[in-house]
Peer 1: 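Would you mind keeping the following structure in view while I ask a few things?
The basis for the numbers below is simple: all heavy atoms, side chains too, and nothing from hydrogens, waters or symmetry mates.
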Amino acid sequence: MYKCKPERNVRQVVLLMTVSIGLTVGTFVLANFLPQQAGIIRFAAFLLAILALYVIVRFTMTEMEYTLDNGCFVITKIVGNKRTDQGVLDLADTVALVTREEYRAQGLNKNLSTICNYSQNIGGKHWFYVFEFGGKRAVVEFEPNDAFVAIFQEEIERAKSGDNPGGASGGNPPDDGILI
């Protein structure tokens with residue numbers, strides 16, 4: 001079993017929190033200076049507060065963990081002490097594992113049914129895992145480190161060649177193991 005947890009971009013977290021809170025407070029203050037449009041401005045400030053809360057929870061309080069185990073790619077979302085598996089994907093269904101640039105250059109972004117972003121940070125080096133699911137093509141965007149990508153590619157080759165003893169239909173569910 002191999003695990004990868006992306007490193008949090010601390011500057012991004014501070015910037016997101018500062019901008020989110022600053023815009024929300026600034027919009028509420030602006031409503032005091034424009035009494036004729038105060039209702040509309042307060043409504044906009046309320047919407048900004050909801051958006052700020054989402055951004056703060058999604059990009060500052062949420063962690064992602066990627067696991068390779070028994071021919072499966074498992075994505076886990078961690079918020080506080082709560083761990084939720086977001087998906088368990090069979091590596092034998094892999095179409096490609098590519099960078100953002102390769103994803104666009106190869107035209108893999110066409111004819112997709114589902115795109116899921118399981119990145120922890122905005123920007124950075126994101127990878128795209130393209131796979132077949134229910135006869136349709138889907139994509140998972142995530143941000144593993146280079147060592148995990150190398151192991152991921154080896155595991156994909158092993159799963160496609162049939163050298164996987166556990167596979168998605170057998171074996172045990174992922175447990176703690178090697179952390180990369």
Peer 1: How long is the gap from CE on Met64 to CZ on Arg8, to the nearest 0.5 Å?
Peer 2: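 Rounded to the nearest 0.5 Å, the CE-CZ separation comes to 9.5 Å.
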Peer 1: To the closest 0.5 Å, what do you measure between CD1 (Ile151) and CG (Leu68)?
Peer 2: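 Between atom CD1 of Ile151 and atom CG of Leu68 there are 7.5 Å.
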Peer 1: Calculate, to the nearest 0.5 Å, the distance between atoms CD and CG belonging to Glu154 and Leu91 respectively.
Peer 2: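 If we round to the nearest 0.5 Å, Glu154:CD and Leu91:CG are 12.5 Å apart.
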Peer 1: Would you call Val74 and Asp69 a side-chain contact if the rule is heavy atoms closer than 4.5 Å?
Peer 2: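 No; the side chains remain at least 4.5 Å from each other.
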Peer 1: Counting N and O atoms only, with roles assigned by atom type, does the side chain of Tyr66 sit under 3.5 Å from a partner on the main chain of Tyr118, one being a donor and the other an acceptor?
Peer 2: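 Judged by distance alone, yes, a pair lies under 3.5 Å.
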Peer 1: Between Asn121 and Asn9, is there a donor-acceptor pair closer than 3.5 Å when you use the side chain of the first and the backbone of the second?
Peer 2: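 Answer holds: yes.
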Peer 1: Under the salt bridge (charged side-chain N to carboxylate O under 4.0 Å, His left out) rule, what pairs show up with a residue in residues 117-133, not counting sequence neighbours?
Peer 2: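 Every salt bridge (charged side-chain N to carboxylate O under 4.0 Å, His left out) pair that includes a residue of residues 117-133, provided the two are not neighbours, is Lys125-Asp146, Glu132-Arg137.
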Peer 1: Can you check side-chain contact (heavy atoms from CB on, under 4.5 Å) on Phe152 and Ile156, steps first, answer last?
Peer 2: CA-CA 6 Å; Phe152 202 142; Ile156 289 170; 3.4 Å; yes
Peer 1: Hey, is the main chain of Val79 close enough, under 3.5 Å, to the side chain of Thr62 for a donor-acceptor pair?
Peer 2: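 No.
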Peer 1: Would you sort out whether Ile115 and Phe128 count as a side-chain contact (heavy atoms from CB on, under 4.5 Å), showing the intermediate values?
Peer 2: CA-CA 10 Å; Ile115 300 174; Phe128 290 79; 5.6 Å; no
Peer 1: Once you round to the nearest 0.5 Å, how far does CG of Asp90 lie from CZ of Phe73?
Peer 2: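 Asp90 CG to Phe73 CZ: 13.0 Å, rounded to 0.5 Å.
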Peer 1: Any link between Tyr103 and Val95 through a network of hydrophobic side chains (Ile, Leu, Val, Met, Phe, Trp, Tyr) touching at under 4.5 Å?
Peer 2: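 Result: yes, single cluster for both.
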Peer 1: Who are the side chain to side chain donor-acceptor pair (under 3.5 Å) partners of Arg58, not counting sequence neighbours?
Peer 2: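 So Arg58 forms no side chain to side chain donor-acceptor pair (under 3.5 Å) with any residue.
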Peer 1: Please check this pair: side chain of Gln120 against backbone of Glu143, looking for a donor-acceptor N/O pair closer than 3.5 Å.
Peer 2: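 A pair under 3.5 Å: no.
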Peer 1: Is the shortest side-chain heavy-atom distance between Ile50 and Tyr54 below 4.5 Å?
Peer 2: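 Sidechains of Tyr54 and Ile50: no contact.
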Peer 1: Return yes if some donor-acceptor pair links the side-chain N/O of Asn145 with the main-chain N/O of Phe148 below 3.5 Å, else return no.
Peer 2: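 Looks like yes, one N/O pair under 3.5 Å.
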Peer 1: State, with a plain yes or no, whether a side-chain heavy atom of Arg83 is found less than 4.5 Å away from one of Lys77.
Peer 2: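 No, every pair of side-chain atoms sits at 4.5 Å or beyond.
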Peer 1: Can you tell me how far apart CG (Leu53) and CD1 (Ile21) are? Round to the nearest 0.5 Å.
Peer 2: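 These two atoms lie 10.0 Å from each other.
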Peer 1: Hey, what do you get for CG (Asn32) to CD1 (Ile41), rounding to the nearest 0.5 Å?
Peer 2: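 Separation between the atoms: 9.5 Å.
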Peer 1: For Asn70 and Cys72, indicate whether the former's side chain and the latter's backbone hold a donor-acceptor pair under 3.5 Å.
Peer 2: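 Looks like no, no N/O pair under 3.5 Å.
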Peer 1: Within the side chain of Gln12, is there an N or O that forms a donor-acceptor pair under 3.5 Å with the backbone of Ile122?
Peer 2: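 Judged by distance alone, yes, a pair lies under 3.5 Å.
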Peer 1: Which atoms form the tightest heavy-atom contact between Val55 and Ser20, and what is the distance?
Peer 2: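 In this case the closest contact between Val55 and Ser20 is CG1-OG, 4.1 Å.
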Peer 1: Can you tell whether the side chains of Glu155 and Arg158 come within less than 4.0 Å, N to carboxylate O?
Peer 2: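 Salt bridge: yes.
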Peer 1: A side-chain contact here means heavy atoms from C-beta on lying under 4.5 Å apart; do Leu16 and Ile56 qualify?
Peer 2: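 Side chain of Leu16 against side chain of Ile56, heavy atoms only: no contact under 4.5 Å found.
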Peer 1: Begin from the C-alpha positions of Val140 and Phe131 and carry the test side-chain contact (heavy atoms from CB on, under 4.5 Å) through to its verdict.
Peer 2: CA-CA 8 Å; Val140 169; Phe131 61 99; 3.7 Å; yes
Peer 1: Kindly indicate, with the supporting measurements, whether the criterion ring-ring contact (aromatic ring centres under 6.0 Å, His included) is fulfilled by Phe142 and Tyr129.
Peer 2: CA-CA 8 Å; Phe142 67 117; Tyr129 176 66; 7.1 Å; no
Peer 1: Indicate the atoms forming the closest heavy-atom contact of Ala31 with Ala38, along with that distance.
Peer 2: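 Shortest heavy-atom separation between Ala31 and Ala38 comes out as O-CB, 3.6 Å.
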Peer 1: Can you check whether Thr99 reaches Trp127 side chain to side chain, under 4.5 Å on heavy atoms?
Peer 2: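 Yes, their side chains come closer than 4.5 Å.
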Peer 1: Compare every heavy atom of Thr27 with every heavy atom of Ala44, then report the nearest pair and how far apart it is.
Peer 2: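 So the two residues come closest at C-CG2, 4.4 Å.
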Peer 1: Report yes or no: do Leu23 and Met17 belong to one cluster of Ile/Leu/Val/Met/Phe/Trp/Tyr joined by side chain heavy-atom distances under 4.5 Å?
Peer 2: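 No: no chain of side-chain contacts under 4.5 Å links Leu23 to Met17.
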